[in-house]
Amino acid sequence: MIIRICFIYAWSNQNASDPSSFNAKARKLLRELAKQASERPKMYKSGRLRIGEGRTIYGLAQCSRDLSGSDCKQCLDDEVRRQPDCCDGKQGGRVVSGSCNIRYDVSQFFNA
Ligand SMILES: *[C@@H]1O[C@H](CO)[C@@H](O)[C@H](O)[C@H]1NC(C)=O
């Protein structure tokens, strides 16, 4: 049986001024959030990373509650790997599947 997973991508119109360094920092934040989100029973983690010059990247990682911790981690890590395909050089982006999603932006989009 082939399980087909659909990903929905969304991204900001705004370009990062330093795309490759910005992307790397966004993925670093998302990888850390993925690790923490996959510790059951949370399945959700938001956070921020200061990147200098008064700028901050906000991120979140979330899994469907029916996933095991390791499936959650795998799902999120896969989406973090897709970030360059989706949102290369953009100031914000989202990767969403049926089981998990990641999001990041330079403005805060979640309640602190
Ligand atoms: C972002 O960069 C792309 C590719 O270089 C360019 O086509 C686009 O106009 C830029 N967008 C903004 C909002 O500056």
Side-chain angles (χ1 to χ4, degrees):
M1 187 173 75
I2 296 170
I3 299 174
R4 207 178 280 271
I5 303 175
C6 282
F7 291 93
I8 299 167
Y9 296 134
W11 54 92
S12 162
N13 288 328
Q14 300 300 314
N15 296 321
S17 54
D18 45 358
S20 61
S21 135
F22 184 87
N23 273 353
K25 286 167 182 162
R27 282 202 303 282
K28 175 184 152 82
L29 171 64
L30 292 168
R31 274 195 301 271
E32 183 57 34
L33 296 174
K35 199 165 75 185
Q36 295 182 34
S38 60
E39 291 164 10
R40 289 186 61 87
K42 285 191 294 192
M43 311 305 262
Y44 175 93
K45 181 68 187 166
S46 60
R48 69 193 72 199
L49 179 65
R50 290 184 212 290
I51 57 170
E53 295 162 9
R55 294 189 306 160
T56 301
I57 305 177
Y58 299 88
L60 79 77
Q62 182 173 25
C63 287
S64 163
R65 292 194 162 271
D66 58 342
L67 294 194
S68 69
S70 62
D71 285 349
C72 172
K73 180 78 168 38
Q74 198 176 338
C75 184
L76 291 171
D77 284 347
D78 185 34
E79 291 192 341
V80 175
R81 276 193 298 274
R82 288 168 189 272
Q83 182 270 343
D85 304 338
C86 142
C87 318
D88 195 28
K90 300 300 181 188
Q91 290 189 1
R94 305 173 77 163
V95 182
V96 179
S97 71
S99 300
C100 71
N101 70 88
I102 57 167
R103 180 173 180 184
Y104 69 98
D105 209 296
V106 291
S107 56
Q108 186 166 346
F109 54 86
F110 50 83
N111 295 326

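This is a predicted model, so every value here is computed, not measured. Counting starts at 1 for both ligands and their atoms, following the listed order.
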Side-chain heavy atoms under 4.5 angstrom apart, residues restricted to Ile, Leu, Val, Met, Phe, Trp, Tyr: same cluster for Y9 and F22?
yes

Got a list of side-chain donor-acceptor pairs under 3.5 Å for residues 26-35, not counting sequence neighbours?
residue: R27; atom: NH1; partner: Q83; partner atom: OE1; Å: 2.9
residue: E32; atom: OE2; partner: Q36; partner atom: NE2; Å: 2.8

Taking any residue with a non-hydrogen atom under 4.0 angstrom from an atom of ligand 1, which ones do you get?
N13, N15, K90

What pair of heavy atoms forms the shortest contact from T56 to R48, and how long is it?
CG2-CB, 3.7 Å

Please list all pairs meeting disulfide bond (SG atoms under 2.5 Å apart) that have one or both residues in residues 76-112, counting only residues at least two apart or in different chains.
C75-C100

Are Y104 and F7 linked, directly or through intermediate hydrophobic residues, by side-chain heavy-atom contacts shorter than 4.5 Å (ILVMFWY only)?
yes

Donor-acceptor pairs under 3.5 Å, side chain of residues 10-20 to any protein atom, not counting sequence neighbours: which ones?
residue: S12; atom: OG; partner: Q14; partner atom: N; Å: 2.9
residue: N15; atom: OD1; partner: K90; partner atom: NZ; Å: 2.7
residue: D18; atom: OD2; partner: R55; partner atom: NH2; Å: 3.2

